[in-house]
Amino acid sequence: MNKIEIIARRILGWKLNRWDRWYDYEKEQFILVSEFQPEENIEHAMLIVERLKELGFGYKTNGTSGACFGDVCETGETLAQAITNAAYSIADNSSIDE
């Protein structure tokens, strides 16, 4: 699994419906894999932020290149990339919604 797949499954709780789309059971909607790009789209990255807040993680940023969820801080070329990197660090090292 790549970074985006890990975030989609472990943090957002989405299931792979078929090879090219996710299914969000909470919202009862399909999301095309090619259209969910949180490293490049700040709106997509903010979906991750909102979900992690629901799970009890505090969120803060240091501007346009750093994001923290609790004690987990990461950087990126953009804020969206930093959010994605921090979320991946959490998802890859914890048991959130596995």
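In what follows, residues are counted from 1 in the order of the sequence shown.
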* **Within one Ile-Leu-Val-Met-Phe-Trp-Tyr cluster: Leu52 and Ile42, side-chain cutoff 4.5 Å** => yes
* Structure fact -> So CD of Glu74 and CD1 of Ile90: to nearest 0.5 Å the spacing works out to 9.0 Å
* Enclosure of Glu77 CD (heavy-atom neighbours >12, cutoff 6.0 Å) -> no
* **Between CD1 on residue Ile7 and OG on residue Ser89, distance to nearest 0.5 Å** => 9.0 Å
* Would you find a donor on one side and an acceptor on the other, under 3.5 Å apart, between the side chain of His44 and the backbone of Gln37? -> yes
* To do: For side chain to side chain contact (heavy atoms under 4.5 Å, CB included), just list the numbers for Val49 and Met46, CA-CA rounded to whole Å, side-chain angles, deciding distance to a tenth of an Å, and then say yes or no.
  => CA-CA 5 Å; Val49 170; Met46 293 309 289; 4.0 Å; yes
* Lys15/Asp24 under side chain to side chain contact (heavy atoms under 4.5 Å, CB included): CA gap, chis, key distance, verdict -> CA-CA 7 Å; Lys15 305 295 180 206; Asp24 180 346; over 6 Å; no
* Approximate separation, where rounding is to 0.5 Å, of Arg51 CZ and Leu12 CG -> 7.5 Å
* For Gln81, the option from Leu79, Asn85, Ile83 that meets side chain to side chain contact (heavy atoms under 4.5 Å, CB included) -> Asn85
* If you look at every heavy atom in Gly76 and Ala82, which pair is closest and at what distance? -> N-CB, 3.7 Å
* Testing Ile4, Asn17, Leu16 for side chain to side chain contact (heavy atoms under 4.5 Å, CB included) with Val33, which one passes? -> Leu16
* Determine which pairs satisfy side-chain hydrogen bond (donor to acceptor under 3.5 Å, both in side chains) with at least one residue from residues 59-69, sequence neighbours left out, and list them in order. => none
* **Contacts of Glu43 that satisfy side-chain contact (heavy atoms from CB on, under 4.5 Å) - sequence neighbours left out** => Asn41
* Hphob cluster co-occupancy, Phe30 + Leu47, side-chain heavy atoms under 4.5 angstrom -> no
* Asked: Is the backbone N or O of Ile31 less than 3.5 Å from a side-chain atom of Arg21, with the two atoms forming a donor-acceptor pair by type?
  -> no
* Asked: Which pair of non-hydrogen atoms, one from Ala67 and one from Ala86, has the smallest distance, and what is that distance?
  -> O-CB, 3.9 Å
* What is the ring orientation for Trp22 with Trp14, classed by angle as parallel under 30°, tilted 30 to 60°, or perpendicular over 60°? -> tilted
* Is the closest side-chain heavy-atom distance between Asp92 and Arg10 below 4.5 Å? -> yes
* Asked: Tyr23 versus Gln29: any side-chain heavy-atom pair under 4.5 Å?
  -> no
* **Check: Pro38 main-chain N/O paired with Thr84 side-chain donor or acceptor under 3.5 Å** => yes
* **Side chain Glu5, main chain Asn2, donor-acceptor under 3.5 Å** => yes
